[in-house]
Amino acid sequence: MSDVIYQSNINQIGEFALEALADGMLILFKTGAPADLADYCFIHSHDVLKQDLQVGQVIHLGSHIYNITAVGDVANVNFKQLGHITIRFDGNSQAELPGTVHVKGEIPEKLFVGDEIKILNN
């Protein structure tokens with residue numbers, strides 16, 4: 001049985017967020033992100049992260065499901081405080097940047113306002 005350790009919903013999609021997504025990056029930030037950042041982000045209703053993000057956990061983004069392959073050094077702190085992480089869809093086993101979470105799977109073509117973000121222990 002998988003435990004849900006995080007759950008929120010996308011409530012705004014920045015003007016350039018889909019362009020970043022097409023480049024293989026999904027940038028999450030909680031509601032209230034600075035305006036210059038928000039343009040590149042998927043803004044979501046932030047929840048409490050019940051456990052640190054780690055390799056092997058599963059992220060659901062709308063109807064898409066991904067396995068976490070690497071977690072950057074500051075990703076957990078940033079996500080807890082700001083609801084902010086950058087998800088890369090390259091399956092790397094080493095985080096390139098401290099705030100990045102790498103996952104394995106196809107880049108989603110579209111995500112929508114109202115889509116759920118869920119993180120589970122596997």
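The residues of the chain are indexed from 1 along the displayed sequence.
Looking only at atom types and distance, the side chain of Gln57 has a donor-acceptor partner in the side chain of Asn121 under 3.5 Å away. With 3.5 Å as the limit, one finds a donor-acceptor pair spanning the side chains of His102 and Asp90. Residues Ser8 and His46 have side chains that never bring a donor and an acceptor to within less than 3.5 angstrom of each other. Asn92 and Thr69 share no side-chain donor-acceptor pair at under 3.5 Å.
Counting heavy atoms from C-beta on, the side chains of Ile5 and Leu49 come closer than 4.5 Å. Residues Phe112 and Ser63 fail the side-chain proximity criterion, which asks for heavy atoms closer than 4.5 Å. Using a 4.5 Å heavy-atom threshold, the side chains of Gln51 and Gln54 count as touching. Looking at heavy atoms from C-beta onward, Val4 lies out of side-chain contact with Ile119 at the 4.5 angstrom threshold. Between His84 and Lys30, the closest side-chain pair of non-hydrogen atoms is not below 4.5 Å.
Leu21 and Ile13 end up in the same hydrophobic cluster when Ile, Leu, Val, Met, Phe, Trp and Tyr side chains are linked at under 4.5 Å. Leu111 and Ile27 fall into different hydrophobic clusters, where Ile, Leu, Val, Met, Phe, Trp and Tyr side chains are chained together by heavy-atom contacts under 4.5 Å. The cluster map of Ile, Leu, Val, Met, Phe, Trp and Tyr, joined by side-chain heavy atoms under 4.5 Å apart, puts Leu18 and Val113 in the same cluster. The hydrophobic cluster containing Ile87 also contains Ile107, counting ILVMFWY residues as joined when their side-chain heavy atoms lie under 4.5 angstrom apart, directly or transitively. No path of Ile, Leu, Val, Met, Phe, Trp and Tyr side chains, each step under 4.5 Å between heavy atoms, connects Ile68 with Met25, placing them in separate hydrophobic clusters.
Look at Lys80 and Asp52 and you find a salt bridge, because one of the NZ, NE, NH1 or NH2 atoms lies within 4.0 Å of a carboxylate O, short of that distance.
Summarising the geometry, atom CD1 belonging to Ile59 is positioned 15.0 Å from atom NZ belonging to Lys104; distances are rounded to the nearest 0.5 Å. Separation of atoms CG (Leu120) and NE2 (His60) is listed at 4.5 Å; rounding is to 0.5 Å. Once rounded to the nearest 0.5 Å, the distance linking CG of Asp39 with CD of Gln12 reads 9.0 Å. Once rounded to the nearest 0.5 Å, the distance linking CG of Leu26 with CZ of Phe89 reads 5.0 Å. For the atom pair OG of Ser45 and CD of Gln7, the computed distance is 9.0 Å after rounding to the nearest 0.5 Å. The structure places CD of Glu116 at 5.5 Å from CG of Asn9, a figure rounded to the nearest 0.5 Å.
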Ile117/Leu61 under side-chain contact (heavy atoms from CB on, under 4.5 Å): CA gap, chis, key distance, verdict:
CA-CA 5 Å; Ile117 301 163; Leu61 298 169; 4.1 Å; yes
Ile43 vs Ile10, side-chain contact (heavy atoms from CB on, under 4.5 Å): CA-CA, chis, key distance, verdict
CA-CA 6 Å; Ile43 307 296; Ile10 295 171; over 6 Å; no
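For an aromatic pair to be called close, the ring centres must be under 6.0 Å apart, and Phe29 with Phe42 fails this.
Smallest separation of non-hydrogen atoms from Tyr6 and Val48: CD1-O, 3.8 Å. Shown here for Pro108 and Tyr66, the closest heavy-atom pair between the two residues is CD-OH, 3.1 Å. The minimum heavy-atom distance linking Ala70 with Ala95 is given by the pair CB-N, 3.7 Å. Closest of all the heavy-atom pairs between Ala17 and Cys41 is CB-O, 3.6 Å. When all heavy atoms are compared, the tightest approach of Ala75 to Thr100 is CB-O, 4.2 Å.
For the pair Asn76 (side chain) and Leu53 (backbone), a donor-acceptor distance under 3.5 Å is present.
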